[in-house]
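Below, read A as the first sequence line, B as the second, and so on, with proteins coming before strands; counting in each chain starts at 1. Atoms considered below: every heavy atom in the structure, side chains included; atoms not considered: hydrogens, waters and symmetry mates.
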Protein chains: 2
Amino acid sequence: MKKRNCFIGQSGGPTTAINASLAGIIAECIDTKQFDHVYGMINGIKGLLEDKYMDLAEMFDNEEAIKELKCSPAMYLGSCRYKLPTYEDDAQTYISLFQTFEKLEITDVYYIGGNDSMDTVAKLSTYAKIIKSPIRFIGIPKTIDNDLMGTDHTPGFGSAAKYVATSMLEVAYDSSIYKLNSVTIVEIMGRNAGWLTAASALARTQYSDAPDLIYLPEVPFIKENFLNDIREVFKKKRSIIIAVSEGIKTENGEFLDSDSKYAKRDAFGHILHSGTGKVLETMVYKEFKCKVRSIELNVLQRCAMHIASQVDLDESFEIGRYAVKTSMAGKTGMMMVFNRINNNPYTIECDYKDVSTIANLEQRIPIEWINKDHNDITQALYDYLYPLIQGEVPLSYKNGIPEYVNINHLKQD
Amino acid sequence: MKKRNCFIGQSGGPTTAINASLAGIIAECIDTKQFDHVYGMINGIKGLLEDKYMDLAEMFDNEEAIKELKCSPAMYLGSCRYKLPTYEDDAQTYISLFQTFEKLEITDVYYIGGNDSMDTVAKLSTYAKIIKSPIRFIGIPKTIDNDLMGTDHTPGFGSAAKYVATSMLEVAYDSSIYKLNSVTIVEIMGRNAGWLTAASALARTQYSDAPDLIYLPEVPFIKENFLNDIREVFKKKRSIIIAVSEGIKTENGEFLDSDSKYAKRDAFGHILHSGTGKVLETMVYKEFKCKVRSIELNVLQRCAMHIASQVDLDESFEIGRYAVKTSMAGKTGMMMVFNRINNNPYTIECDYKDVSTIANLEQRIPIEWINKDHNDITQALYDYLYPLIQGEVPLSYKNGIPEYVNINHLKQD
């Protein structure tokens, strides 16, 4: 029987759940008994171009190892921020990649990532069709931003949302202790989509209202309204907590921190924000002369496995398995997606969509899920979000800290 | 039989474990059956001066309620940042407080807090002796900074240390994924004592070296050495992670961020730092022109109950119980302390010391627990730290977030 080997790669920014998808793909590849080798690209497509890969099937041939991988943060295979050139611009890159695929007798390639990674899947599958290669390319979504089109939500989002909601609750308790007027601004990741900032609303309980105000990038940020909102809340309480997306923009579409000295760009030219909270801190202090503090939740949002969502890890694992089933059924150029069947009881199914119709689009919060004052979310968005943060992951601890998978291979040259 | 009533207060900054001490005091007060009323000051001594207090014994008369309080972050009774004036400067404040104590037939006052709170305990117990009042004043330490003298360590430190170590490990995994030179600077709380920054070393495992370098406020920060240290680490690896205390100082004793626009002061005039990481970020970028990022762990260090240390919560509870036993034995003007009997197996005992010999002193890391290059800790400090972060706290979750105690009483005027 002809050999069947596959490649798995990870790309883009890390999430808490991206290794769960990797674990799901490996587990299904092993279970189908169709593969001789399950290779992992080290540092994504870019690493593969430098011939960096490893054999995964042997390393994860038991349930214990699969479970440890599933419950480890960041990216076991490493990542790259690499925009695959078009075939027209650079044919050699494609030729080189397909030579490697051929040499290793690859039949299936699974690529886990965000929008830029789906762009890679779309380009490679299109090229394969052109050259009549039978290799199948399958995209598995991940992003804490939840901004990929075509899927109810993205793997990794639920865990980030649970971290944000839990941290917001704890910050609210922390802020409750002094009898003085104060404003705490919590800056949350999200370039153009406010899903993660919206998830801070899940921190609300019968004992804690925080966040009192929520500002999302889907609607323009208007300074006067913002200061008025705070003024209104101060009429009712002393300690105000505000959730704000790093990517909020003025009516002219300018990022609030675009003139901040912290504004930076990543390899794709996207602006990396890290000054919005500080900009608002100054704005609030000037107006109210009260205690103001800004907190940037930072990278913990995407790597805090210790407070991951069990629903998210389980779904991320299952969508990995489903990717293998999909390519086994002969599909290519597809991104795996979730369809939500029901909110209560929460039910989803895995499905797939043509990746070329999805890549490079952004799914943002529907305007009807944002309140009229543009400073909070509506019940429909609560209903959408709640199921995604359910369940706690029982980690193994050693010497007081979580036990995560061996990543020493990422340190080699 | 004459009525016996007591007061409990909390003061200073919050920690994850300060409510565990409150729970321990309440539990012991109930168990002794000696008290008619267990009152809680709302917002500490300052709240009491405004006649703000509540009855605690009824509310926490069952194991379930005590356990929920023990596992809730921040401060159930609220806090104040209030420096009690000396008797010579302001006799009226003392007269007013003791009138309240007399009116409520108070025999014992328990005050949970850091250095400034212990100063309050020292002053009140001294005043009581002067006016021949039989009221006993007992201090229960807490601080994530671990900088109180006379005790092996402070309640609250272990949980903060576990949060720092766990987060550092997760940041290390997050930073491992790209194949490029990068420096990640993690700024950790600690004004003059580097205990919490040192605890970041507990993140090290067989798969992760981070932090590669540790800078503590106990030794001078020398820019040339710092840049040389980084240069040396770059010879061995790509992704460098640095743990730095917010309070590091130059050889002249100046805070690194003293000219930063973020430098602020609290009510006691202490400088509140929040710019050290940013200052170093700029310094490193100028020298190495590589990817540099700074992460401020911020208030989550002191309120992240979801990753608290079980050892810390249990000890904080026990030291609360011991405070009641101590005042029942007729002691006053004492701070509760831990004596460490053994590291392996880890054994401590509760004890007490004269608070006036302890208050306003700072316990810093002994120089022999810092390596010769002043960029790491020694084995003795590991041995000291490890026992304090052991054990995970099984929290109750509801709707995906932890269930914490009712704090609605803090919102009233």
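If you measure heavy-atom distances from A/Leu77 to chain B, you find no contacts under 4.5 Å at all. At a 4.5 Å heavy-atom cutoff, the contact between A/Leu169 and chain B is made by side-chain atoms alone. Of the atoms belonging to A/Asn399, heavy atoms from both backbone and side chain fall under 4.5 Å from chain B. With a 4.5 Å cut-off on non-hydrogen atoms, B/Tyr382 does not touch chain A at all. Heavy atoms of B/Leu395 lying under 4.5 Å from chain A are absent altogether.
For B/Tyr404 and A/Tyr173, the ring centers sit closer than 6.0 Å to each other.
Between B/Leu410 and A/Arg238, the closest heavy-atom pair is O-NH2, 2.9 Å. Contact record, A/Gln206 with B/Asn408: O-ND2, 3.5 Å, taken as the closest heavy-atom pair.
Interatomic distance, OH of A/Tyr207 versus OG of B/Ser72, reported as 9.5 Å (0.5 Å rounding). From A/Ser176, atom OG reaches atom NE2 of B/His409 across 8.0 Å, with rounding to the nearest 0.5 Å. Taken from CD1 in A/Ile401 to OG1 in B/Thr205, the straight-line distance is 6.0 Å, to the nearest 0.5 Å. To the nearest 0.5 Å, the span separating CG on A/Leu180 from CZ on B/Arg81 amounts to 10.5 Å.
For the set B/Thr166, B/Ile295, B/Ile389, B/Asn406, the count of heavy-atom pairs under 4.5 angstrom toward chain A peaks at B/Asn406. Interface remark: of the candidates A/Gly400, A/Ala74, A/Ser167, A/Gly400 forms the most heavy-atom pairs closer than 4.5 Å to chain B. Heavy-atom pairs under 4.5 Å with chain A peak, among B/Gly78, B/Ser175, B/Gly44, B/Gly47, at B/Gly78. Looking only at heavy-atom pairs under 4.5 Å with chain B, the residue among A/Val405, A/Asp174, A/Thr184 that has the most is A/Asp174. Most heavy-atom pairs under 4.5 Å with chain A, from the set B/Tyr397, B/Tyr76, B/Tyr386: that is B/Tyr397.
Under the salt bridge (Lys or Arg N to Asp or Glu O under 4.0 Å) criterion, B/Lys235 pairs with B/Glu232, sequence neighbours left out.
The number of heavy-atom neighbours closer than 6.0 Å to NZ of A/Lys289, taken from other residues, nucleotides and ligands shown, is above 12. Surrounding NZ of A/Lys291 are more than 12 heavy atoms belonging to other residues, nucleotides or ligands, all under 6.0 Å away.
Inter-residue side-chain proximity for A/Ser79 and B/Tyr178 is flagged as met; some heavy-atom pair is nearer than 4.5 Å.
Along residues 12-20 of chain A, the residues that come nearer than 4.5 angstrom to chain B, judged on non-hydrogen atoms, are A/Gly12, A/Gly13, A/Pro14 in order of number. Contacts between residues 298-309 of chain A and chain B, defined by a heavy-atom separation under 4.5 Å, are made by A/Asn298, A/Val299, A/Leu300, A/Arg302, A/Cys303, A/Ala304, A/Met305, A/His306, A/Ile307.
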In sequence, state the C-alpha distance, the side-chain angles, and the governing distance for B/Glu50 and A/Lys179, and then conclude on side chain to side chain contact (heavy atoms under 4.5 Å, CB included).
CA-CA 12 Å; B/Glu50 296 161 14; A/Lys179 210 173 167 182; 3.7 Å; yes
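Counting only residues at least two apart or in different chains, salt bridge (charged side-chain N to carboxylate O under 4.0 Å, His left out) contacts with residues 392-407 of chain B comprise B/Lys162-B/Glu392.
Here the side chain of A/Lys411 pairs no donor or acceptor atom with the backbone of B/Lys236 at under 3.5 angstrom.
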